[in-house]
Amino acid sequence: MRCSSGKVQYDSQQLAEDALIDQHIYKGFAEHQGPQNVYECRDCGYWHMTSKNAERLPRLQEMIDSGEMRKKQQASQWERRF
């Protein structure tokens with residue numbers, strides 16, 4: 001069943017969070033760009049990403065603050081070049 005929102009559906013919060021982190025790494029989003037958190041949809045019961053949430057996913061924030069996100073983004077860029 002597809003969600004009326006048209007968003008990608010994730011079976012669990014963990015899968016949605018992992019996908020959010022992966023998108024930030026692969027797409028190289030700046031700190032305040034792209035999806036910022038995940039939520040459980042009232043319509044379909046699955047999990048979706050959102051860029052509208054005022055609170056950033058704590059795991060994402062930790063990776064940004066520590067510099068880990070930037071390192072992973074750079075590594076991803078290099079991997080795609082080969």
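All values reported here derive from a predicted model rather than from experimental measurement.
- For Glu79, there are no side chain to side chain contact (heavy atoms under 4.5 Å, CB included) partners at least two apart in sequence or on another chain.
- Applying the side chain to side chain contact (heavy atoms under 4.5 Å, CB included) criterion to Gln36, with sequence neighbours excluded, gives His24, Arg56, Leu60.
- Residues meeting the side-chain hydrogen bond (donor to acceptor under 3.5 Å, both in side chains) test with Glu68, sequence neighbours left out: none.
- Around NZ of Lys72, the count of heavy atoms belonging to other residues, nucleotides or ligands within 6.0 Å does not exceed 12.
- Under a 3.5 Å cut-off, the side chain of Gln73 and the backbone N or O of Phe29 do form a donor-acceptor pair.
- Minimum heavy-atom separation, Leu20 to Leu57: CD2-CD2, 4.0 Å.
- Atom CD1 of Ile64 is separated from atom NE2 of His32 by 7.5 Å, given to the nearest 0.5 angstrom.
- Partners of Asp22 according to the salt bridge (Lys or Arg N to Asp or Glu O under 4.0 Å) rule, which considers only residues two or more places apart in sequence or in another chain, do not exist here.
- With sequence neighbours excluded, no residue satisfies side-chain hydrogen bond (donor to acceptor under 3.5 Å, both in side chains) with Tyr26.
- For Arg2, the side-chain hydrogen bond (donor to acceptor under 3.5 Å, both in side chains) test picks out no residue, with sequence neighbours left out.
- Residues that satisfy the side chain to side chain contact (heavy atoms under 4.5 Å, CB included) test with Asp65, not counting sequence neighbours, are Gln61.
- Residues passing the salt bridge (Lys or Arg N to Asp or Glu O under 4.0 Å) test with Arg59 are Asp18, sequence neighbours excluded.
- Residues satisfying the side-chain hydrogen bond (donor to acceptor under 3.5 Å, both in side chains) test with Lys71, not counting sequence neighbours, are none.
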Would you be so kind as to tabulate the donor-acceptor pairs closer than 3.5 Å made by side chains of residues 42-51, with sequence neighbours excluded?
from, atom 1, to, atom 2, distance (Å)
Asp43, OD2, Ser4, OG, 3.4
His48, ND1, Val8, O, 2.8
Thr50, OG1, Lys52, N, 3.0

